[in-house]
Chemist: 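Dumping the structure here so I can ask a few things about it.
Throughout, protein chains are lettered first and strands after them, A, B, ... in sequence-line order, and every chain is numbered starting at 1.
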Amino acid sequence: ERERERERMAKSPEEEHPHKAFGWAARDTSGILSPFNFSRRENGDDDVTLKVLYCGVCHSDLHFLRNDWGFTKYPVVPGHEIVGVVTKIGENVKKFKVGDRVGVGVIVGSCKTCEACQQDLESYCTKRIFTYGSTYHDGTTTYGGYSDVVVADQRYVLRFPDNLPSDSGAPLLCAGITVYSAMKYYGMTEPGKHLGVVGLGGLGHVAVKFGKAFGLKVIVISTSPKKEAEAIGKLGAHSFLVSTDPEKMKAAQGTMDYIIDTVAAVHPLTPLLGLIKMNGKLISVGLPDKPLELSMFSLCIGRKLIGGSDFGGIKETQEMLDFCAKHNITSDIELIRMDCINTAMERLAKSDVRYRFVIDVANSLSQ
Amino acid sequence: MDVKSPEEEHPVKTFGWAARDSSGVLSPFKFSRRATGDDDVRFKVLYCGICHTDLHFIKNEWGFSTYPLVPGHEIVGVVTEVGCKVAKFKVGDKVGVGCLVGSCGSCEGCSEDLENYCPKMILTYATTYHDGTTTYGGYSNEMVVSEHFAIRFPENLPLDGGAPLLCAGVTVYSPMKYYGLNKPGLHLGVVGLGGLGHVAVKFAKAFGAKVTVISTSASKKDEAINHLGADSFLVSRDPDQMQAAAGTMHGILDTVSAAHPIMPLINLLKFHGKLITIGAPEKPTELQVFPLIMGRKMVAGSSIGGMKETQEMIDFAAKHNITADIEVIPVDYVNTAMERLQKGDVRYRFVIDIGKSLTAA
């Protein structure tokens, strides 16, 4: 009887909220996206409604669409690198006004009371609510930025600095903060030090830019020699190391103060540890879904550490955006139409993008 | 080239016990030590602790042992002669020597008092010294060491119970300080209750931490709590106990050298927690990166300690009455001791009473 009651009460995505919304969603583990009608909640006292202009395509979107991590519930509307314009604000909202350019990143909610939330590290709250694929406080599923409109609690909305472009700035809301937060927490910001960046993708290319802005000497470490010209000529890295070349790797032993590892694929850690100097740090921000092999012995020789870092809290995300505006740091992007998203996903799976796709939502998303 | 035998290569005759091959069996060995140089301290050895590293070395488990091998790097003795430039020691002083007897003196490690991270560091035994000869360790009647690598042994610290601190003590003290795990009020885990582990518990309590011992065997619980003063005990093979303790520890000192999974230990860490390995298992282990990322946790290593912090550690131990729990043995028991050590059958360090039991062959 209760089951039947619940079935009667459960509303479709289109009906569960009062305001019609439109986006693209995946319905199953093929991850193929297609037009999707749903709805957004009423703008509450603490909420901000924004018309979406651009949304970055993060590799996490791809993992989630294909249920690579095992906890995806369909339909999924991905997108957590969202830039838009405010169209409505709740009574308690003082930080934003209609017409402001704002961003929404990886989370739209958290518990607000735990140790992490108290330290402005909502990203680490064990009850954090992701911008898509999570259950919101009202029991409904969150839908992300591959859509025309987003409603978010002001606490999780970022002010987009005036001189930061909306399209190439959008990926900073995930890729940017993930790298920035890791580098700040682990003290990888001392000018003159050597930073190795493993992987030259969405995260990696942003790491090179932050590294240079912090005054570090940046060495890109990659399995593909073809990326060298770009790494040095376009991104301004100091040098390039092919990790599959044993002689070059040997010559580079003990030369780096820090390494930021952005690679999600399974790869050996011990050779990377060999590149690090005494007291050096290897920080992992990529999300390999399978275990990596680690030699504990190699951590002892040289007192080295391996740390993990997730994306950052809201306060730090704002700080990062302001830093990027000041240092003219944006992502290198390929702007695409919404209806090209499936092709983009296939190309992303092969790392065939320099270095982030960004969906021109406002100009290409139509019913 | 005129290659001299160990007995002839130096002017002062000395004797000890050495392993001749990777069987690791030790037996009496005659060799020689250099004359006391201007910067050297010469001392009669009274006690020498048996470190598990000695066992690894005599059996060539790490692949770089050279024979004959006189182990021993937890050495305590009394000064018999000092060179003319020696300022910190005089005849009759108690002195200790740990894992190092030399380093380059100019690299980044050396200039930060971290001789233990010098790429050219010279170990107390089985390494080549500046003069091209092999270093021989503390299972011997006397030693000569450069003043920089000699530790002033505090008056109130027992020589026998204090000797193991010269390796085990600093190996634990150094990372606890470096990684900020020496602040009062933290909850620390100690994995493994052997030579390193039991000393880790004592230092952690002296730092004001709440200590949980994590072990594969429940049989060590009584000792851990009632004898060593640990606050609680976790059996790592019991998934329920481990899950109940998830996310409760600021730091964990992992002293185990045998291969073992680290993910269950990472799960015990709080947000920002640190897993520090000092057991240095040489077989690779599996690391899942997700949990490190989600809790901004870290895994790090550490190896012995520099000279300055070894002195600091021994002074701290004297102040807080920290000594190792030992079983004193005569030198001719050493092979049996090694067999027992292999099986973890010691509470918790053997110490050889060199002064009373080592006589010339």
Chemist: Check whether A:Leu282 gets within reach of chain B through its side chain, its backbone, both or neither, counting any heavy atom under 4.5 Å.
Modeler: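 Answer is neither: A:Leu282 stays 4.5 Å or more from chain B.
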
Chemist: Counting heavy-atom pairs closer than 4.5 Å to chain B, which one of A:Pro291, A:Ser181, A:Cys300 comes out on top?
Modeler: A:Cys300

Chemist: Chain A heavy atoms under 4.5 Å from B:Ile276: which part of the residue, side chain, backbone, both or neither?
Modeler: neither

Chemist: Report the option among B:Glu108, B:Glu286, B:Gln288 that has the most heavy-atom pairs separated by less than 4.5 Å from atoms of chain A.
Modeler: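 Heavy-atom pair counts peak at B:Glu286.
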
Chemist: Count the heavy atoms belonging to other residues, nucleotides or ligands that lie under 6.0 Å from CE of A:Met249, then report whether that count exceeds 12.
Modeler: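 Correct, the count exceeds 12.
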
Chemist: Give me the ring orientation class for A:Tyr185 and B:His272: parallel if the planes are under 30° apart, tilted from 30 to 60°, perpendicular past 60°.
Modeler: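 The arrangement is parallel - the two ring planes meet at less than 30°.
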
Chemist: Dump the intermediate steps for ring pair (Phe, Tyr, Trp, His ring centres under 6.0 Å) on A:Tyr124 and A:Phe311, then the final yes or no.
Modeler: CA-CA 8 Å; A:Tyr124 294 100; A:Phe311 59 102; 7.3 Å; no

Chemist: Side chain from CB out, backbone as N, CA, C, O: work out which of these in B:Ile304 comes under 4.5 Å of a heavy atom of chain A, or both, or neither.
Modeler: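 No part of B:Ile304 comes within 4.5 Å of chain A.
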
Chemist: Less than 4.5 Å to any heavy atom of chain A: does that hold for the side chain of B:Val289, its backbone, both, or neither?
Modeler: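 Interface part for B:Val289: side chain.
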
Chemist: Quick one, A:Phe130 with A:Phe64, criterion ring pair (Phe, Tyr, Trp, His ring centres under 6.0 Å). Give me CA distance, side-chain angles, the key distance, then yes/no.
Modeler: CA-CA 12 Å; A:Phe130 290 115; A:Phe64 204 77; 7.9 Å; no

Chemist: Among A:Val208, A:Thr223, A:Val263, find the residue that satisfies the side-chain contact (heavy atoms from CB on, under 4.5 Å) test when tested with A:Leu200.
Modeler: A:Val208

Chemist: Assess the pair A:Tyr258 and A:His194: is the distance between their ring centroids shorter than 6.0 Å?
Modeler: no

Chemist: So which of B:Asp254, B:Leu275, B:Leu114 has the largest heavy-atom pair count under 4.5 angstrom toward chain A?
Modeler: B:Leu114

Chemist: Under 4.5 Å from any heavy atom of chain B, what part of A:Ala182 do you find: side chain, backbone, both or neither?
Modeler: neither

Chemist: Between B:Phe271 and chain A, which part of the residue has a heavy atom less than 4.5 Å away: side chain, backbone, both or neither?
Modeler: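 The answer is the side chain of B:Phe271.
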
Chemist: Specify which of A:Lys290, A:Glu115, A:Lys281, A:Met278 makes the most heavy-atom pairs with chain B at under 4.5 Å.
Modeler: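 Winner by heavy-atom pair count: A:Met278.
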
Chemist: Would you say that more than 12 heavy atoms from the other residues, nucleotides or ligands in this model lie under 6.0 Å from the NE2 of A:His238, or not?
Modeler: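 No, because the 6.0 Å sphere around NE2 of A:His238 holds 12 heavy atoms or fewer from other groups.
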
